[in-house]
Amino acid sequence: MNQVLYILRRLVTLIPVLLGISVLVFFLIQLVPGDPAVTLLGSHVTDAGVAALHQQLGLDQPLWRQYVTFLGRLLHGNLGESYQYKSSVSALVLQNVVPTVWLIVTGALFAVLISVPLAVWAASRRGGAADNAIRSIPLVGLGMPAFWLGIMLVLLLSLKAQLFPASGFGTGFVGHVESIILPALTVALALVPILVRSLRAGLLDVLQSDYITTAHSKGLGTPRVVLGHALRNAAVSSITVLGVNIAYLIGSTIVVERVFALNGIGYLMLTAILNRDFPIVQGVTLVFAVMVVTVNLLTDLAHAALDPRVRLA
Amino acid sequence: MTAIAFPGRTTDAATPRRRRGAVNLTLIAGLTLFGLIALAAICAPLLTSADPIAQDLLQARLPPGSPGHLLGTDQLGRDVLSRLLYGGRTDLQVGVLAVVTPFVAGTVLGLLTGWIGGWFDLVVMRVVDVVVAFPFFVLVIALVFALGAGTGSIYVAISMVGWVAYCRIVRGEVLRAKEQEYALAARASGLPTWRILFRHLLPNVVVQAVVFSMSDIVLTILAIVTLSYLGLGVPPPTPDWGSMIQDGQQFLLTQWYIATIPGLAVVLVGFALALVADGLVERFGQR
């Protein structure tokens, strides 16, 4: 019962956020300096063209009515029409979303597989050489541009060692797996510095709890205490840490897709920027925000499922 | 944005706090390193005589260590060292300046919303929720695209997105400080609100915002470099680390250093500022 109530309450809080997202995305086009139609049409501008585009974009309507129309379209899953491809933005997003989802899922998996062992190692040998080495990762890693990291990985693992393809999404399942490894490793490594830091801190908090002291005083060895007792509790806070930071990972996919010429929605957005295809930019920005909101929702639900204190609060 | 919104929070509660007055090596090392980088960028004309935008196709893609070109030349024969130094000027300047507006706006707003509370707090925090729902890079890229590529748009876009983190941090600090004796005493003695806020609360709550601003500068420089790499940032002839990496990407197999060197410069700046942030945490403590 509590569970259901909690989920319902959590879903209600989504409404203002989703509305806000739609307002912000709607206002993107208002930021275009001067007459958006003239800017969008570029040098081929004619009065008739401007008037037609005004009507098509609804720019001749008052602002609030433009927004209501926009919101109505969104609720029907209509993200508008691309100027360049003469096809609906929703269809284009659906066509391109698969590599992006692959990238996010594999990237998150890699990030966990790299960060968790490092954080556990550092926290269980607190103050030791390993801990100090692992704690210096964020110092170096936070300032590393994700796209540069990708280029360096291409240089070392693709051009020099010839282990992985340097770009594209490959064909077939095996091809996809082969070509997703480097980009996924890039987004994962961009997140690892942040993740290791928070996970280690969360683990240390747990290790200072009374029940851990009890476990130690029962005479259990450190590995047993960390793996058997601490990790299970630390997992709860770690899921939140991961959920909060996944927004960063999702954000870095856009540039990494460009580095690896991976035709996901980030690549779609960047190509659309070059072509000044505004509806695509607007649509993909919205899809990215909805992705983050969804991940946050799932994180909270998982947290509540694992930790009864959350849903009773 | 949310990703590194509270980077300093992770210091160990149990680490014995350093004595006041003890030498803070981390802070000194960080400030020295950042100072040296900034000095090298500012003194670029004194350190190199090469013109960062002068092309010489006969001298293109020379390896590092070539006579007259310590770090070699790029595909248009431009001196890499000179471009690196002048590029640092652009990126550091924009990175530091772009953080000022969000710092001030976010701090003031966080101060007000934490103090006033009620509907004002509710409204501001809902706006914060909306902004953090977007991945930082996606929103900045979309905003810069809408505003038109260039430095001016970068300032505006970073300001529109960046205030959120400061607002959250300062609001949290104010909520905590509000109930402490000094704030209660100031209120009880009937001081005007603005005086309590800016003279009594601000000096106490601003520390965390300053600590965060160090990693925020790094994040902002990353954003600028990324935008330039995508062709949305600093316009082409002006040297900048992002466009240098982009130039180098196509010659990766033969001249790997063209793309590698500017990336290392970004990492070095990030390292220096991370040291400063850690040093500040050490000096002022956390929470």
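Each chain gets a letter, A, B and so on, in the order the sequences are listed, and its residues count up from 1.
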> Roughly how far apart are Phe134(B) CZ and Phe288(A) CZ, rounded to 0.5 Å?
Replying inline: 12.0 Å
> Can you tell me how far the CE atom of Met144(A) sits from the CZ atom of Phe271(B), to the nearest 0.5 Å?
Replying inline: 11.5 Å
Please flag which part of [X] lies under 4.5 Å from any non-hydrogen atom of chain B: side chain, backbone, both or neither.
| X | value |
| --- | --- |
| Leu155(A) | both |
| Leu270(A) | side chain |
| Val140(A) | both |
| Leu24(A) | side chain |
| Met152(A) | side chain |
| Met269(A) | side chain |
| Val241(A) | neither |

> Hey, mind stepping through Thr253(A) and Phe137(B) against side chain to side chain contact (heavy atoms under 4.5 Å, CB included) and telling me if it holds?
Replying inline: CA-CA 9 Å; Thr253(A) 61; Phe137(B) 284 120; over 6 Å; no
If you count heavy-atom pairs under 4.5 Å with chain B, which of [options] comes out on top?
| options | answer |
| --- | --- |
| Ile250(A), Leu18(A), Val259(A) | Val259(A) |
| Leu28(A), Ile254(A), Val293(A) | Leu28(A) |
| Val281(A), Ile273(A), Thr285(A) | Ile273(A) |
| Leu286(A), Ile21(A), Val17(A) | Ile21(A) |

Minimal non-hydrogen separation, [X] against [Y], with atom names:
| X | Y | answer |
| --- | --- | --- |
| Gly143(A) | Leu222(B) | O-CD2, 3.6 Å |
| Val292(A) | Ala133(B) | CB-O, 3.2 Å |
| Leu142(A) | Val218(B) | O-CG1, 3.9 Å |
| Ile151(A) | Ala259(B) | CG2-CB, 4.4 Å |
| Gly251(A) | Pro135(B) | CA-CB, 3.4 Å |

> Would you find more than 12 non-hydrogen atoms of other residues, nucleotides or ligands less than 6.0 Å from Arg10(A) atom CZ?
Replying inline: yes
> Hey, what's the ring geometry for Phe147(A) with Tyr229(B), parallel, tilted or perpendicular (30° and 60° as the breaks)?
Replying inline: parallel
> Checking heavy atoms, do the side chain of Leu273(B), its backbone, both or neither come under 4.5 Å from chain A?
Replying inline: neither
Sort out for me which of [options] touches chain A most, counting heavy-atom pairs under 4.5 Å.
| options | value |
| --- | --- |
| Ala274(B), Ala146(B), Ala223(B) | Ala146(B) |
| Val266(B), Ile245(B), Thr260(B), Leu147(B) | Thr260(B) |
| Leu143(B), Val269(B), Leu230(B) | Leu230(B) |

> Under 4.5 Å between any side-chain heavy atoms of Val154(A) and Gln249(B), yes or no?
Replying inline: no
> Does Trp148(A) use its side chain to pair, donor to acceptor, with the backbone of Pro262(B) at less than 3.5 Å?
Replying inline: no
>> As a quick check of understanding, evaluate side chain to side chain contact (heavy atoms under 4.5 Å, CB included) for Leu31(A) and Met160(B), giving each step before the final call.
In response: CA-CA 12 Å; Leu31(A) 288 175; Met160(B) 289 173 76; 4.2 Å; yes
